[in-house]
Each structure stands twice: as C-alpha cells, then as structure tokens.
Amino acid sequence: MAVVSVKSLYRDTAVHLNQAVTVSGWIRTLRASNTIGFIELNDGSFFKNVQVVFDASCPDFASLAKLPIATAITVRGKVVTSDAAKQPFEIFAHAINVEAMSDNDYPLQKKRHSLEYLREIAHLRPRTNLFSAVFRVRSVLAHAIHCFFQERGFVYVHSPILTGSDAEGAGEMFRVTTLDLLNVPRHNGKVDFTQDFFGREAYLTVSGQLEAEIFALAFRNVYTFGPTFRSENSNTSRHAAEFWMIEPELAFADLQDNMTNIEELIKCVVAYVLRECPEEMVFFNEFLDKGLLTRLESVVGSEFAEITYTEAVSLLKQSGQKFEFAVEWEKGLQTEHEKYLSEQVFKRPVFVTHYPKELKSFYMRQNNDGRTVAATDLLVPGIGELVGASQREERYDVLLSRMQELNMPLAPYWWYLELRKYGGVKHSGYGVGFERLVMYVTGVANIRDVIACPRTVGNLKI
RNA sequence: UCCUCAGUAGCUCAAUGGCAGAGCAAUCGGCUGUUAACCGAUGGGUUGUAGGUUCGAGUCCUACCUGAGGAGCCA
C-alpha cells in the first residue's frame with residue numbers, strides 16, 4: 001500500500017476517513033498503559049502530527065509501548081474520527097513496524113527547551129515544533145520570492161560567490177586562498193599572490209549588486225538570490241557571517257520605481273506565506289508574538305510610510321523623546337532613532353529617503369542638492385533595516401569624480417565605469433536580507449534561529 | 001570591539017558566607033482514551049576554568065572561557 005503523507009491526511013481528510021492507510025514517520029511523543037497507547041507521529045510533510053492509537057490487538061504491543069522518542073516507524077491502520085478534543089481524526093493501528101530505533105538519551109524532551117540549548121544541538125532542533133515551522137516558512141518564503149520576480153519577467157542572475165575586488169565597501173571580507181599558510185610565498189617582503197589559485201587575491205562576496213548591474217543593463221529587470229559573506233566582528237541577534245540576500249536591479253527605473261517594487265515584493269511574499277502556511281503562522285502568533293498575524297495582515301493591507309532623511313531628523317529633534325545619542329543630520333540615524341520612527345511614529349514599514357552622501361556608498365546617485373543621494377532604507381518594527389536601496393549613479397563623470405574623492409582604486413572597477421559609457425541608462429536596485437525577512441514574517445527574534453547552521457564570530461559548530 | 005547580566009544534575013531553575021535541592025527527563029513498578037498523561041520508587045553533582053580572601057566559598061575578590069541582551073557596523 002502506498003504511503004500517505006500526514007499533510008494529505010489533514011488537507012484531504014474526507015478522502016481518507018474510514019480508509020486503510022500506511023504512514024511512516026518519527027515518534028514525537030508516546031503515552032501508553034497496559035491496554036492502550038498513543039503516539040504522536042510526525043512524517044516531515046506537515047507541521048502537525050497525527051495521533052496513532054494502538055491497543056493490545058496490535059502485535060508487539062508491550063515493546064511498542066516502550067519505544068523511545070524519535071524512533072522511526074511505519075504504521076498500517078485505519079483513519080477514524082477522534083473522540084477527544086485536540087485532533088479531528090486519528091489512525092487506529094493494526095500493525096506498527098520499527099524502521100529505525102532511537103535511544104533513551106535523546107536530547108529533546110517532552111517539554112519546552114530554551115533557544116540557547118537548541119542552538120547547541122543544531123542537528124536535532126529541526127525536529128522541534130518551532131524549527132519545523134521556521135524552516136518550512138523559510139522554504140515557502142524563498143519560493144514566494146522567486147514567484148514574485150519570475151511572474152514579472154525578472155531574470156534570475158547567479159552572481160559570483162568568489163570575487164577579486166576587496167573594496168566593495170559593504171563590509172569586511174573573508175579571504176579565499178590555496179596558499180600554504182605555514183609557508184607563504186613572498187616577494188619583496190609582501191605575500192606573493194601571483195602564486196595563489198587565481199594568480200591574485202580573492203575573497204568571498206559581500207554583495208552581488210555590482211555584477212547584477214551588468215545584467216540589468218542587458219536584461220532590464222534582474223535579481224540575485226544567494227549566499228553572502230561578511231567577516232565583521234558583530235555580535236548581535238541580527239547579524240551572521242553567512243547569510244542570504246536578494247538583490248534586484250531595475251533598468252529604466254528611478255528611486256520611486258524602486259520603492260514601488262520593494263513594497264509590492266514585501267506585501268506579495270507576506271501574503272503568500274500567510275496563505276500557504278496557516279498552521280505555522282498560528283503557532284508563531286501563539287508562542288512567539290501575539291501581535292504577529294495582526295501586524296502582518298496590516299502590512300499587506302496598508303501603504304508603507306515614506307519620509308525624507310532630513311524630515312526624519314527634524315521630526316526626531318522635535319519629538320521631545322529622550323535619546324541616548326543626540327540626533328544630528330551629519331551623524332546618521334542610530335538604532336534607537338530608527339526604532340522610534342518605525343515602532344512609535346509610523347508603527348509600520350517606513351521608507352527613509354535621501355540620505356547624506358557621506359553616509360552612503362560611492363555608487364549611489366547624487367541628488368541636485370549636492371549633499372544627499374537617491375537612497376532609501378526600509379525600516380520595519382522589530383527588525384530595523386530590512387531593505388537598503390538606491391538609484392545608481394549612471395553619469396560617468398559624476399561617478400568617476402566621486403570615486404576619486406573617496407580615493408578608491410579605479411583599476412578594479414574599469415568594467416563598472418565602462419557600463420556607464422554604453423547605454424548606461426538610469427537604473428536602481430536594492431538588497432533584502434533574507435534572514436531578516438524570515439525573522440520579520442515568523443517573529444523569531446534571533447537570526448541564529450532562522451539559519452540551519454548559523455555562522456557567527458567564533459562559532460561554526462556544525 | 002565596547003557596556004550589562006548570567007553560568008549549580010541530561011533540561012529548566014532554587015539554595016542569608018555554614019549538611020547542594022526541586023520539577024521535568026532517565027530507570028523500575030502501577031494504572032488509566034491519553035494530550036508536555038497520571039501515581040509511587042530509584043539512580044544522577046570536580047556548582048564553567050584557574051587563582052585568591054576566609055575557621056569555612058555555589059555564594060565574596062581577580063583573570064580567563066562560554067552564553068544572552070544592548071551598542072557600533074550592516075542586510
């Protein structure tokens with residue numbers, strides 16, 4: 001008999017009711033007495049478990065009643081309605097076959113564990129309710145992002161993970177080398193990278209944006225979605241050394257077009273997850289954040305706020321709010337300022353636009369005022385910066401003089417400058433921290449809990 | 001990197017400078033259509049590490065390690 005998924009049992013209950021079925025999965029918990037036992041079985045296909053009832057008519061009843069948690073079993077039985085309150089149906093077992101034993105020192109108990117403890121057993125935590133929900137939503141969210149862009153004709157670009165540029169400006173980089181670190185070749189006192197794998201220095205990418213621009217100027221609308229690496233010594237609940245980013249790039253688009261696209265993306269993928277993962281979302285709302293569903297539904301339904309950086313600064317100055325750091329136009333917004341804006345003033349996602357050029361990257365398009373650039377950050381309650389965006393500087397001379405102002409080496413960027421010479425139309429793009437999006441959608445507070453095997457400073461356990 | 005807090009049984013946590021404990025888990029037994037089942041019994045400790053103060057340190061002091069929260073940096 002074909003094995004039926006637990007998801008199918010829940011989604012098509014009427015089809016299976018009073019029918020013989022075979023299911024296979026792992027024991028989440030087991031309760032038994034002399035005459036009857038109950039197994040909550042999870043088969044991986046669905047967030048919820050199915051209750052398996054077995055009594056003395058089931059072969060090997062006594063030994064089945066002692067099986068440890070996490071034992072893998074196959075159950076043959078009949079789907080019946082359940083008398084008890086907590087489940088609409090259950091499986092009455094005729095036979096239970098052990099596929100793979102577990103052990104009584106299994107670290108996950110029938111109780112609530114701390115997130116810190118679960119991080120130490122990252123190889124087992126996907127078997128818990130919370131992580132089962134998180135990683136299913138992460139998968140659905142990734143799919144939603146591809147759907148959004150593919151439906152709109154965006155081309156998915158695989159930007160390089162290995163890069164030769166060490167001055168992308170987005171953060172500290174991991175060096176990649178095949179040189180023997182115990183016997184490094186030298187030339188005139190310096191490391192001789194001509195003997196390294198690529199014949200030059202190489203790093204892991206901190207952003208695929210510059211390469212995405214290449215493709216935007218050929219395919220018009222493109223996006224990247226892949227891993228990114230930053231070796232910064234940052235120790236917060238929102239930073240990881242390895243994370244995923246989505247970096248769309250739109251040709252013939254200014255900052256406003258960019259922001260329209262960002263808002264559509266966020267609303268579309270949030271709505272998608274609410275639709276596809278109702279059980280998981282109810283769980284998050286229950287156990288992590290009672291206001292989650294209300295907040296996400298309002299995100300889908302309402303306009304994002306918009307304010308210029310200069311307006312935001314004067315709004316903060318006039319707010320009367322006590323801040324640890326004074327608000328100053330030249331110094332940029334502190335985290336406390338951003339939180340006040342998104343959580344107290346607007347209480348929803350807010351675009352802050354036109355930042356001082358000194359605070360932003362060289363490639364952002366300079367405004368006519370001579371002091372700001374066409375850039376925006378999308379700030380969301382609870383997370384802070386979710387999206388960083390800008391119109392790119394398409395004017396060759398302006399870009400060149402800005403790079404010279406910043407004393408940047410020009411040679412590595414010859415191709416980036418050359419893009420401006422041949423039909424370098426206005427274009428815009430943005431970067432979304434995928435894990436931050438997962439956090440925002442699930443209510444999970446620590447980035448380490450939305451990554452399968454998180455890498456942070458001093459931590460690469462599994 | 002800086003600031004703050006924490007580290008005691010497998011897990012979650014108690015213990016005034018004076019005998020190191022509880023709940024859950026595990027093991028054994030009982031019992032019941034159970035829902036983190038329930039009831040009884042049993043085993044389980046170099047109190048993060050190294051020094052110091054003291055008649056006596058889980059408790060006070062110093063350094064280090066680990067974790068968490070916040071800041072900076074950013075996505």
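Residue numbers start from 1 in every chain, and the chains themselves are labelled A, B, ... in the order their sequence lines are given, proteins ahead of strands.
Checked against a 6.0 Å centroid threshold, the rings of A:F61 and A:F54 count as neighbours. A ring-centre distance under 6.0 Å is found for A:F323 and A:Y340. Ring to ring, A:F229 and A:F243 are not that close: their centroids are 6.0 angstrom or more apart. Between A:Y413 and A:F362, the gap from one ring centroid to the other is short of 6.0 Å.
For A:Q51, whose side chain is taken as the heavy atoms from C-beta onward, the closest listed nucleotide among B:rU35, B:rC74, B:rU1 is B:rU35. For A:V53, counting side-chain heavy atoms from C-beta on, the closest listed nucleotide (B:rG69, B:rU1, B:rG33) is B:rG33. Taking only side-chain atoms of A:R31, from C-beta outward, the nucleotide of B:rA68, B:rU34, B:rC74 with the closest atom is B:rU34. Picking from B:rC31, B:rG33, B:rG69 the nucleotide with the shortest atom distance to the side chain of A:N34 gives B:rC31.
If you check every strand for non-hydrogen atoms under 4.0 Å, A:N235 touches a base. Note on A:T228: nothing from the nucleic acid sits closer than 4.0 angstrom, heavy atoms only.
For A:S428 against A:A253, the heavy-atom pair with the smallest separation is OG-O, 2.7 Å. When all heavy atoms of A:K267 and A:S302 are compared, the closest pair comes out as NZ-O, 2.9 Å.
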Intra- and inter-strand pairing of RNA chain B, written as dot-bracket with Watson-Crick and G-U pairs under 3.5 Å and | for the latter, reads (((((((..((((....[..)))).(((((.......))))).....(((((..]....))))))))))))....
Name the pairs: protein N/O against N/O of nucleotides 24-27 of chain B, kept only if under 3.5 Å.
| from | atom 1 | to | atom 2 | distance (Å) |
| --- | --- | --- | --- | --- |
| B:rA25 | O4' | A:Q109 | OE1 | 3.4 |
| B:rU27 | OP1 | A:N104 | ND2 | 3.1 |

Where do N or O atoms of nucleotides 64-66 of chain B meet protein N or O atoms at under 3.5 Å, pair by pair?
none

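For a distance-only test at 3.5 Å, the side chain of A:H113 fails to qualify as a donor-acceptor partner of the base of B:rC11. Not a single donor-acceptor contact under 3.5 angstrom links the side-chain atoms of A:E116 to the base of B:rG69.
Using a cutoff of 4.0 Å between basic side-chain nitrogens and carboxylate oxygens, A:R125 and A:D449 are scored as salt-bridged. Classification of A:R371 and A:E358 as a salt-bridged pair fails, no side-chain N sitting under 4.0 Å from a carboxylate O. Between A:D289 and A:R295, at least one side-chain N (NZ, or NE/NH1/NH2) sits under 4.0 Å from a carboxylate O, which counts as a salt bridge.
The number of heavy-atom neighbours closer than 6.0 Å to CZ of A:R175, taken from other residues, nucleotides and ligands shown, is above 12. Within 6.0 Å of NZ in A:K110 there are more than 12 heavy atoms belonging to other residues, nucleotides or ligands.
If you find the closest nucleotide of RNA chain B to A:E324 and to A:W244, the one lying nearer the 5' end belongs to A:E324. Of the residues near RNA chain B, A:V457 and A:F325, the one whose nearest nucleotide (by heavy atom distance) lies more toward the 5' end is A:V457.
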